[in-house]
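These notes are about the structure you will find just below.
Not measured: the values here are computed from a predicted model.
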Amino acid sequence: MALTQLRAGAFPAGTVIQTLSFEQDGDITTTSTSLVATSFIGSITPQFSSSKILFTLQGGQISYSGGTNFQQGSLYRQINSGGYSSIFVLYRRNVASVYYEPYSHSYLDSPNTTNQVDYQVYFKVNANTGYFAMDPTSDNSATIMLLQEIKQWALN
């Protein structure tokens, strides 16, 4: 592809247009048996409506309030402040007492918009206290969310 085409904004399919990183430093907990929103939100405004958004989440979870629990984390999305909707179940796990489990999850989304897209994780437990994000060693470990816009072929 000629340099003039790239300058004009004609990126080939598969090109990463933008990468944004969000960090959650500190605990996020729940005792809820229904899905509740975390305070951890990442936002991206796609340059092309045909782009895919690669959501990646890395961090850890723990339970230590007197027993085991079952945890579920789900990915929610809102477009242009239109309200959150569930789009993907990230994980379902039985977690034993005093147990830290690092995780990595990803999801390839097709929001079909050039408006702002917000991603937020919701989670729940069946008993005790569940931790979506936790720093088990007090060494400033964090949960990281990456959002990458990936250009797709489009008929324009």
| task | May I have the step-by-step check of side-chain hydrogen bond (donor to acceptor under 3.5 Å, both in side chains) for S74 and Q72, ending in yes or no? | result | CA-CA 7 Å; S74 293; Q72 177 182 322; 3.1 Å; yes
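Although no hydrogens or angles enter the test, the distance criterion places a donor-acceptor pair under 3.5 Å between the side chain of E149 and the main chain of Q47.
For the atom pair Q148 CD and I150 CD1, the distance stands at 6.0 Å (nearest 0.5 Å).
Looking at Y122, Y107, F88 one by one, the single match for ring-ring contact (aromatic ring centres under 6.0 Å, His included) with Y76 turns out to be Y122.
In this structure, F55 and Y119 have tilted ring planes: the angle between them lies in the 30° to 60° band. The aromatic rings of F48 and F11 sit perpendicular to each other, their planes meeting at more than 60°, with 30° as the lower class boundary.
Follow the hydrophobic side-chain contacts under 4.5 Å out from V125 and you never reach Y131; the two are in separate clusters. Connection of I79 to L147 is established within a shared hydrophobic cluster, with ILVMFWY side chains joined at heavy-atom distances below 4.5 Å, either directly or through further cluster members. Cluster annotation: I44 and I41 are assigned to distinct hydrophobic clusters (Ile/Leu/Val/Met/Phe/Trp/Tyr, side-chain heavy-atom contacts under 4.5 Å, transitive).
By the side chain to side chain donor-acceptor pair (under 3.5 Å) test, K52 pairs with S110, sequence neighbours left out. Contacts of T29 classified as side chain to side chain donor-acceptor pair (under 3.5 Å), with partners at least two apart in sequence or in another chain: none. Judged as a salt bridge (Lys or Arg N to Asp or Glu O under 4.0 Å), and not counting sequence neighbours, D118 has no contacts.
Side chain to side chain, Q116 and T45 fail the donor-acceptor criterion of an N or O pair below 3.5 Å.
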